Each structure stands twice: as C-alpha cells, then as structure tokens.
> 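Sending over a structure as structure tokens; questions will come in a sec.
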Amino acid sequence: MNIQLTRIQFFIIIFTLFTGFVYISIQTPIISHGKRSAWLIFIASSIFIYLLLVFYDKTYKYFILGKVTTMIYHLYWLFHLSFAVAYSMYIVSTWISPYTPKIALLFLFLLPSLYASLSRAETAVNVGIVFGIFILFFIFFVLNAYKDFEFRNLLPIGESGWKDWMWGSLYSLNAYRNAECYLILRKFVMKDEKISGMPLFVFIFSLFAMFLFSILSVMLYFSMEEFNLISEPILYLLHAQEVTFVKRLDLIFVFIWVFITIITLINYILVVRLVHFQKVRKFAKSRIIIYHLLIFVIAYFIAKFESIQMIRQYYWIPFLVFGLLLPILIISWNKIRGRTIFDSSK
C-alpha cells in the first residue's frame, strides 16, 4: 500500500491525530498535577516536543519496523483505539444520551471508520480537512466566557514543587502522544514538499497554541480545587455559557467532538494500514474488518466508568514508551547498521 501526501495533507492528519482523542481530557491531569504552574510546565514540555519532532524529521528514514516492533505497535494501537472509542462512548453517554445501548454507540463510531478504511486511502486523507470548523467553533465560544475569567488563578507560579513539575511534565508530554505516527507518515510526503524549518515550526506552534489556549481558559475559569472534581472542564465551561441562539453549547460541542473523533479514528487506522500493508497481503479487506471487530469487542468491555478512570491514571505511559523510547531505540539501531527506509523498500 502506498500513498503520496502533500505537506498540507500531512500536517492536517498529524494535527488530527494529536488532538482528536485527547483534546477535551488533557487539561485536568495537567493542571491537577502541575498546579498553578501547569501552563508554564506545558510550555516547557512543548519546547521538548518541538525539538523531538525536529529530530524525528531528520532521522525518520531510520525508523524501520521489524516483525517484533510491528507486532508491539499493532497491539498498542489496538488497545489505544479501543480505549479511545470506549472513552468517546463514555462522553456521549454522560453528556448526550445516557440510555443509548453501548452497541449502538459502537456502531456510531466504527461503521464510518470501517467504510473509510475499506475505501481508497485518499478518503481517509481528505476527510480531515473539515477539522478547521471545530477549531473556529471552540475558540469563539470559549472566549464567550471571558467575563468570568479570574487571572489570579494563574498565580503564584512558584508554589509548584519538583514533583508537580515532574508529573505535570509527564501529562503535558502525553498531550502529544501518537508521535510515532509522525515517523510513519513522514516518508509518504512528496519529495518536493518541504517539512523541516519554518513549516514544521508553524505546525508545532499551531498545535501548541491550541492546547495552551484550552489549558489557560479552564485555569482562568475554574478554581484549582475544582479540578479534583471535574474531568472534562471544557465541557463544563461550555455548559455554563448562555447564548441567544442555542440552549446547550456543550451538547453542540460534544456532537462536533464525536465527528472529530470519528475522523481521528479513520486517520489512525490509515496509519495501521500503512504499516500492516507495506507489502501486498491476501484478504486485505477481511483483515480490516477483523481489526474493527477486535476494537468493537475490547471497547465494549472497557467502556465502564471505573475502567476508563483507572486507565486514564496510567495513560501518561504511552508517549514515553511508544512515542519516545521505542522510536529512539529503533532509529539508533538502524542508524548504527546503516539501514534506511529507502534500502528496505527495494
């Protein structure tokens, strides 16, 4: 399987993968662990991410997955996608439709993904373009709460200790999980399209600004003690807003977020397909269907409040293992051997 991505398509897919599953859930763990310095901790972590992606852009040609590492990533992606779908079901059940059967919600998320995955790869690539609608909607309505912002919530900065900085950094870095997808998709960018330098900086800055805006907004709106009680502060903030033309902003936001989650799922499975179908395989469509069935079954059993909250406590680990340590080990090993993706594709 092979596709060619323009620079814009590449950045749109990566932007969607970095934000689609986590955007309404990252603020509470970052702030509750980083305290009033959470926004500074996130800035420092984002600088590290920028340097990491600069490194990845220079070394992506050495990121070659062997049989063992491919299996490891497949298992991780299967669980990650299952958890993302389960968490999405939990949000829909909590905010929109508490009595809708889990099976119906699973079909809501997985049928569009299955259809797009069985179609041409370009379908998954182009569907992410609508992401901009979500961004404009979110910024406009969050700013509607500016009258209730309390700027003293950001002070004093120095009260956060080293443990706050450590845990705040871990959860801040986890906002950028799926970094391995950058390495996988990078080789499919057209050779005449420039990524390094200013294009990459603008992309990372846009991503950083989107995250930081959400963190600062909820920090200004809620007191520090309230973050121990709320897990999706953006939705609570929107729930409290009143506008003349709609009664429940949070419901509209959840509907849009569901749509964005489906797009993210489609793009993520594109990454899985690019890894799994590097070579022509028999029964390709059957394998995609089986993959979705596995997500269906796993998500069904972990779509419980207790399971989701327990998994979220430890979900700072994926970035460290699969987005940082394992990619660096793979890159270092192949660089020592002098092996690149261009050699392995011959």
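Here the structure is a predicted model, which is why all the values come from computation and not from measurement.
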> Please check this pair: side chain of R186 against backbone of D57, looking for a donor-acceptor N/O pair closer than 3.5 Å.
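Side chain of R186 to backbone of D57, a donor-acceptor pair under 3.5 Å: no, none is there.
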
> Which heavy atom of F319 sits nearest to which heavy atom of I49, and what is that distance?
CZ-CD1, 3.5 Å

> Can you tell me how far CZ of F109 sits from CD1 of I266, rounded to the nearest 0.5 angstrom?
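Here the interatomic distance stands at 12.0 Å.
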
> Over all heavy atoms of both residues, which pair between Q27 and I234 is shortest? Give the atoms and the distance, please.
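Looks like NE2-CD1, 3.4 Å.
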
> In Å and rounded to the nearest 0.5 Å, what is the OG to NE2 distance from S113 to H292?
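S113 OG to H292 NE2: 3.0 Å, rounded to 0.5 Å.
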
> Look only at the side chain of Y221 and the backbone of P233, and say whether a donor-acceptor pair between them is shorter than 3.5 Å.
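Checking the backbone N and O of P233 against the side chain of Y221, no donor-acceptor pair under 3.5 Å is found.
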
> Could you grab the distance from atom CD1 of I215 to atom CG of L40, nearest 0.5 Å is fine?
11.0 Å

> For residues W77 and E180, report the shortest heavy-atom separation together with the two atoms involved.
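Distance-wise, the nearest heavy atoms are NE1-OE2, 3.1 Å.
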
> Side-chain heavy atoms nearer than 4.5 Å, only ILVMFWY residues, links allowed to pass through others: does that put L294 and L75 together?
no

> In this structure, is the centre-to-centre distance between the rings of Y182 and F10 below 6.0 Å?
yes

> Same hydrophobic cluster for Y176 and V202, using side-chain heavy-atom links shorter than 4.5 Å among ILVMFWY?
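Yes, Y176 and V202 fall within the same hydrophobic cluster.
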
> Measuring only between side-chain heavy atoms, which start at C-beta, is L173 closer than 4.5 Å to W316?
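The answer is no; the side chains never approach within 4.5 Å.
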
> Heavy atoms, side chains only, cut-off 4.5 Å: are I41 and I30 in contact?
no

> Do you reckon F149 sits in the same ILVMFWY cluster as F42, going by side-chain contacts under 4.5 Å, direct or chained?
yes

> Give a yes or no on whether F301 atom CZ has more than 12 heavy-atom contacts from other residues, nucleotides or ligands under 6.0 Å away.
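It does not: F301 CZ has 12 such atoms or fewer within range.
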
> Set out, in order, the CA-CA distance, both residues' side-chain angles and the distance that settles side-chain contact (heavy atoms from CB on, under 4.5 Å) for I311 and F79, then state yes or no.
CA-CA 11 Å; I311 295 171; F79 178 79; 3.9 Å; yes

> Assigning hydrophobic clusters by single linkage (Ile, Leu, Val, Met, Phe, Trp, Tyr; side-chain heavy-atom cutoff under 4.5 Å), is M71 placed with L274?
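Different hydrophobic clusters.
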
> Kindly say whether G34 contributes a backbone atom to a donor-acceptor pair with the side chain of S37 at under 3.5 angstrom?
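Pair absent, no side-chain N/O of S37 close to backbone of G34.
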
> Ignoring hydrogens and geometry, is there a side-chain-to-backbone donor-acceptor pair from D164 to K35 under 3.5 Å?
no

> Start with the C-alpha distance between F208 and I47, add both sets of side-chain angles, then the distance that settles side-chain contact (heavy atoms from CB on, under 4.5 Å), and finish with yes or no.
CA-CA 9 Å; F208 155 76; I47 293 173; over 6 Å; no

> Is the shortest heavy-atom distance from the side chain of V218 to the side chain of Y236 under 4.5 Å?
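Not touching, per the 4.5 Å side-chain cut-off.
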
> Counting only heavy atoms from other residues, nucleotides and ligands, does the tally under 6.0 Å from CZ of F205 exceed 12?
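No.
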
> What are the two closest heavy atoms between I12 and T16, and how far apart are they?
O-OG1, 2.7 Å

> To the nearest 0.5 Å, what is the distance between CZ on F55 and CG on L183?
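The CZ atom of F55 sits 9.0 Å away from the CG atom of L183.
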
> Identify which one of L235, I96, I308 satisfies the side chain to side chain contact (heavy atoms under 4.5 Å, CB included) criterion when paired with I91.
L235

> Checking side chain to side chain contact (heavy atoms under 4.5 Å, CB included) against N334, which of T340, L329, I64 comes through?
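Between N334 and the candidates, side chain to side chain contact (heavy atoms under 4.5 Å, CB included) is satisfied uniquely by I64.
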
> In Å, rounded to the nearest 0.5 Å, how long is the span from CD1 of I103 to CG of L108?
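Rounded to the nearest 0.5 Å, the CD1-CG separation comes out at 14.0 Å.
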
> Is the number of heavy atoms from other residues, nucleotides or ligands under 6.0 Å of K61 NZ greater than 12?
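Atom NZ in K61 is not crowded, with 12 or fewer foreign heavy atoms closer than 6.0 Å.
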
> Using modelled atom types and a 3.5 Å cut-off, is there a donor and acceptor pairing between side-chain atoms of N174 and backbone atoms of Y315?
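Yes, N174 side chain to Y315 backbone: donor-acceptor pair under 3.5 Å.
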
> With rounding to the nearest 0.5 Å, note down the distance linking CG in L207 to OH in Y50.
13.5 Å

> Apply ring pair (Phe, Tyr, Trp, His ring centres under 6.0 Å) to the pair F211 and W39, showing each step before the final yes or no.
CA-CA 10 Å; F211 278 130; W39 60 282; over 10 Å; no

> Counting C-beta onward and ignoring hydrogens, is there a side-chain heavy-atom pair between V272 and I288 closer than 4.5 Å?
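Sidechains of I288 and V272: no contact.
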
> Could you check whether any side-chain heavy atom of Y56 comes within less than 4.5 Å of a side-chain heavy atom of I331, counting everything from C-beta outward?
yes

> Using modelled atom types only, decide if a donor and an acceptor are shared between the side chain of H33 and the backbone of P29 within a distance under 3.5 Å.
yes

> Look at the side chain of S307 and the backbone N and O of A303, then say whether any donor-acceptor pair between them is shorter than 3.5 Å.
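No.
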
> Hey, is the main chain of T28 close enough, under 3.5 Å, to the side chain of S32 for a donor-acceptor pair?
yes

> Give the intermediate values and the outcome of side-chain contact (heavy atoms from CB on, under 4.5 Å) for residues I24 and Y87.
CA-CA 11 Å; I24 67 172; Y87 177 71; 4.1 Å; yes

> A side-chain contact here means heavy atoms from C-beta on lying under 4.5 Å apart; do R337 and Y62 qualify?
no

> Is a side-chain N or O of K187 found less than 3.5 angstrom from the main chain of I184, in a donor-acceptor match?
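No, K187 side chain to I184 backbone: no donor-acceptor pair under 3.5 Å.
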
> Does the side chain of R273 come within less than 4.5 Å of Y291's, by heavy atoms?
no

> Before giving the answer on side-chain contact (heavy atoms from CB on, under 4.5 Å), spell out for F213 and V142 the whole-Å C-alpha distance, their side-chain angles and the decisive distance to 0.1 Å.
CA-CA 9 Å; F213 174 77; V142 168; 3.8 Å; yes

> Are H80 and F322 an aromatic pair, judged by ring center distance below 6.0 Å?
no

> If you look at every heavy atom in A38 and M219, which pair is closest and at what distance?
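Looking at all heavy atoms of both residues, the closest pair is CB-SD, 4.1 Å.
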
> Heavy-atom count around M224 CE within 6.0 Å, excluding the residue itself: above 12?
yes

> Where the side chain of Q9 meets the backbone of T6, is there a donor-acceptor pair that is under 3.5 Å apart?
yes

> Return yes when atom CZ of F296 has more than 12 non-hydrogen atoms of other residues, nucleotides or ligands closer than 6.0 Å, and no otherwise.
yes

> Are Y60 and I336 co-members of a hydrophobic cluster defined by side-chain heavy atoms under 4.5 Å apart?
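The answer is no; the residues belong to distinct hydrophobic clusters.
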
> If you look at every heavy atom in P199 and R7, which pair is closest and at what distance?
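Minimum heavy-atom separation between P199 and R7: CG-NH1, 3.6 Å.
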
> Would you call L326 and Y73 a side-chain contact if the rule is heavy atoms closer than 4.5 Å?
yes

